[in-house]
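Presented below is the structure to which this report refers.
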There are 2 protein chains.
Amino acid sequence: MEKRDKILYAALELFATEGYNAVSTNKIAKYANVSEGLIFRHYKNKQGLLDAILEQAFEKVTVLYAHILMEQDPKEILRKAIVLPFEVDESEYHFWKLQFKLKWELEISGREKMQPFIDKLEWAFQELGYQEAKNEAELLNHALEGIAGGIIKQGFETQEPLKSFLLKKYNV
Amino acid sequence: MEKRDKILYAALELFATEGYNAVSTNKIAKYANVSEGLIFRHYKNKQGLLDAILEQAFEKVTVLYAHILMEQDPKEILRKAIVLPFEVDESEYHFWKLQFKLKWELEISGREKMQPFIDKLEWAFQELGYQEAKNEAELLNHALEGIAGGIIKQGFETQEPLKSFLLKKYNV
DNA sequence: GTCTATAGGATGATAGAC
DNA sequence: GTCTATCATCCTATAGAC
């Protein structure tokens with residue numbers, strides 16, 4: 001692997017586990033087995049390194065939601081949405097954890113990227129004849145974010161029972 | 001107000017808005033109009049200052065949940081639980097925001113303190129004849145945490161519609 | 001209780017050699 | 001592309017005077 005990428009993955013892992021402000025460029029360099037100066041050659045500054053990571057993360061999120069956004073069957077939309085947090089690959093664990101961390105540490109909301117997903121949920125609920133589709137969508141989104149957070153913080157097993165429970169509850 | 005307390009409130013506000021690692025003791029001192037050395041006289045070190053804030057926060061949370069934990073009517077338990085995030089006083093806004101921030105920035109879960117609350121929810125659902133009381137409780141808790149987070153990050157108004165929606169949904 | 005001064009180390013970032 | 005050496009700044013924490 002190129003050193004440029006080693007830096008990026010080291011930073012991703014450290015940012016995700018310890019937080020952006022808690023991790024020094026020195027620490028990243030050592031973790032990546034690279035000289036500290038190289039970080040700045042490749043990414044200009046620490047913020048630039050974070051931006052590069054976030055750009056990759058944005059692509060991953062886009063791909064992840066693409067299946068749902070393209071789906072036309074309302075029941076399938078709900079099913080895929082519910083199942084989504086339970087099927088996160090362990091290799092992308094750090095990306096997810098970083099999302100949650102940054103949402104609070106640096107107040108990077110990521111809400112704009114979520115909105116089409118929530119809108120799609122609303123549409124699905126509407127199609128299925130729910131009275132308050134918008135509220136249903138917001139509520140389910142909250143629940144799913146909570147589940148995703150729970151998986152990240154306390155492990156998959158703790159949240160697993162909620163999967164079939166939700167599928168049953170929404171009858172999908 | 002005593003300077004000891006001025007330090008504490010300044011730190012609370014800064015930690016809540018910018019995060020623990022992002023705020024220096026120098027910044028806290030200036031914000032509190034106090035010499036930097038005084039922080040260490042009173043709180044030993046930066047971590048000690050955070051601990052003092054967290055201790056206060058723990059008391060606030062305890063009081064907040066006490067009403068619900070003492071309640072014996074299952075419907076009332078659900079009603080109070082749902083209404084709770086919408087009735088946070090603005091003066092305690094910073095405490096709440098700090099809770100969410102630290103949960104992710106420093107991985108201070110606060111889960112232990114929540115458990116009796118979740119257990120009480122489970123009990124209420126059981127009393128009301130719900131089939132999967134435990135899952136219902138976990139789900140509602142996720143939703144309420146999401147709502148609380150939404151209020152903090154995007155304002156009360158954005159989440160307000162969910163209040164009556166939830167009350168209706170759970171028929172309380 | 002409070003302030004000033006300062007130590008000692010870490011931090012982000014740059015320059016220059018290879 | 002990569003490393004070493006280095007800088008200016010900032011950070012936490014302490015000492016000593018008032």
Side-chain angles (χ1 to χ4, degrees), chain A residues 1-57 94-95 97-99 101-108, chain B residues 1-57 94-95 97-99 101-108:
Chain A
M1 190 178 358
E2 282 187 31
K3 296 214 169 179
R4 193 178 198 282
D5 293 329
K6 279 179 72 175
I7 292 170
L8 192 119
Y9 289 117
L12 167 61
E13 189 169 333
L14 289 171
F15 287 162
T17 49
E18 302 180 29
Y20 177 74
N21 283 301
V23 175
S24 67
T25 49
N26 177 290
K27 191 166 190 171
I28 295 168
K30 279 180 179 148
Y31 197 77
N33 263 133
V34 148
S35 73
E36 193 175 353
L38 196 59
I39 294 175
F40 297 92
R41 278 258 163 256
H42 281 308
Y43 298 101
K44 184 164 162 61
N45 55 30
K46 194 183 170 187
Q47 173 73 45
L49 176 53
L50 178 63
D51 291 343
I53 293 171
L54 252 32
E55 207 169 313
Q56 261 203 228
H94 288 313
F95 272 105
K97 185 159 190 178
L98 187 61
Q99 301 291 330
K101 268 226 155 79
L102 294 183
K103 188 162 80 178
W104 288 105
E105 186 180 349
L106 303 182
E107 316 234 351
I108 295 171
Chain B
M1 190 176 0
E2 282 186 31
K3 297 213 167 181
R4 192 178 199 283
D5 293 329
K6 279 178 72 175
I7 292 169
L8 192 120
Y9 288 117
L12 167 61
E13 190 169 332
L14 290 172
F15 287 163
T17 50
E18 302 180 29
Y20 177 75
N21 284 300
V23 174
S24 67
T25 50
N26 177 290
K27 192 167 190 171
I28 296 169
K30 279 180 180 149
Y31 196 76
N33 263 132
V34 148
S35 74
E36 194 174 354
L38 196 58
I39 294 176
F40 297 92
R41 277 257 164 260
H42 281 308
Y43 298 101
K44 183 164 162 62
N45 54 31
K46 196 183 168 187
Q47 173 73 45
L49 176 53
L50 178 63
D51 290 343
I53 294 171
L54 252 31
E55 207 169 313
Q56 262 203 228
H94 288 313
F95 273 105
K97 185 159 189 176
L98 187 61
Q99 300 291 328
K101 267 226 156 80
L102 293 184
K103 190 163 76 178
W104 288 104
E105 186 180 348
L106 303 183
E107 316 234 350
I108 296 171

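Within every chain, numbering begins at 1; the chains are lettered A, B, ... in the order of the sequence lines, protein sequences first and strands thereafter. Because only heavy atoms are used, hydrogens play no part in the values below, and waters and symmetry mates are left out as well, while side chains stay in.
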Qualifying salt bridge (charged side-chain N to carboxylate O under 4.0 Å, His left out) pairs with a residue from residues 36-54 of chain B, counting only residues at least two apart or across chains: none
B:Gly19 backbone acceptor or donor facing A:Glu105 side chain under 3.5 Å: no
B:Glu107 bridged to A:Lys101 by N-O distance under 4.0 Å: yes
Side-chain heavy-atom pair B:Gln47, B:Tyr20 within 4.5 angstrom cut-off: yes
Close approaches to DNA chain C from residues 24-33 of chain A, in residue order (heavy atom, under 4.0 Å): A:Ser24, A:Thr25
Euclidean distance, A:Tyr43 OH relative to A:Leu50 CG, rounded to 0.5 Å: 12.0 Å
Any side-chain heavy-atom pair of A:Val23 and A:Tyr31 under 4.5 Å: no
Within residues 8-22 of chain A: residues closer than 4.0 Å to DNA chain D (heavy atoms): none
For residues 4-12 of chain A, dump all side-chain donor-acceptor pairs below 3.5 Å to protein atoms at least two apart in sequence or in another chain.
| from | atom 1 | to | atom 2 | distance (Å) |
| --- | --- | --- | --- | --- |
| A:Lys6 | NZ | A:Ala32 | O | 3.4 |

Whole angstrom value for the distance that separates C1' of D:dA13 from NZ of B:Lys46: 12 Å
Of A:Glu36 and B:Val34, the one whose closest DNA chain C nucleotide lies more 5': B:Val34
side-chain hydrogen bond (donor to acceptor under 3.5 Å, both in side chains) against B:Lys103, all qualifying residues, sequence neighbours excluded: B:Glu145
A:Leu106 side chain reached by A:Asn21 side chain, heavy atoms, under 4.5 Å: yes
5' to 3' contact window, DNA chain C with chain B (heavy-atom distance under 4.0 Å): C:dG1 to C:dT4
Validation row: B:Leu54, B:Leu102 side chains within 4.5 angstrom (heavy atoms): yes
